[in-house]
Amino acid sequence: RLLDWAQNFHRRGDFTAALFLSQQAVEKSPSSPQSTVALWIAGRSAHVLGQYDLALEIFANLITAHSGT
């Protein structure tokens, strides 16, 4: 459910809420297939918000944990 809300906020351009909810979704289930999407939303939202260090950290996590997807 958190990921659904994160995607909705991301589509609407509310990147602060999308970042928060997608990070919560990853924390709840880091090994689920949906965490790939959640990490991408979190990374993109952090990038748009100008939080480049956080975006790099999230994208590095995405590459490391989900490189086969």
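Remark: S32 pairs with S29, Q34, S35 by the side-chain contact (heavy atoms from CB on, under 4.5 Å) rule, at least two apart or across chains.
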Using residues 8-20 as the side-chain source, report each donor-acceptor pair under 3.5 Å to any protein atom, sequence neighbours left out, with the distance given to one decimal.
{"unit_1": "N8", "atom_1": "OD1", "unit_2": "R11", "atom_2": "NH1", "d": "3.0"}
{"unit_1": "N8", "atom_1": "ND2", "unit_2": "D4", "atom_2": "O", "d": "3.4"}
{"unit_1": "D14", "atom_1": "OD1", "unit_2": "A17", "atom_2": "N", "d": "3.4"}

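Q23 is listed as a side-chain neighbour of I58, based on a closest heavy-atom distance under 4.5 Å. Under the 4.5 Å side-chain criterion, counting only non-hydrogen atoms from C-beta, I41 is in contact with L3. Residues L56 and F59 fail the side-chain proximity criterion, which asks for heavy atoms closer than 4.5 Å.
W40 and V26 fall within a single hydrophobic cluster, where Ile, Leu, Val, Met, Phe, Trp and Tyr side chains are chained together by heavy-atom contacts under 4.5 Å.
Across every non-hydrogen atom of W5 and L21, the tightest pair is CB-CD1, 3.7 Å. Residues A55 and G43 approach most closely at CB-O, 3.6 Å, considering heavy atoms.
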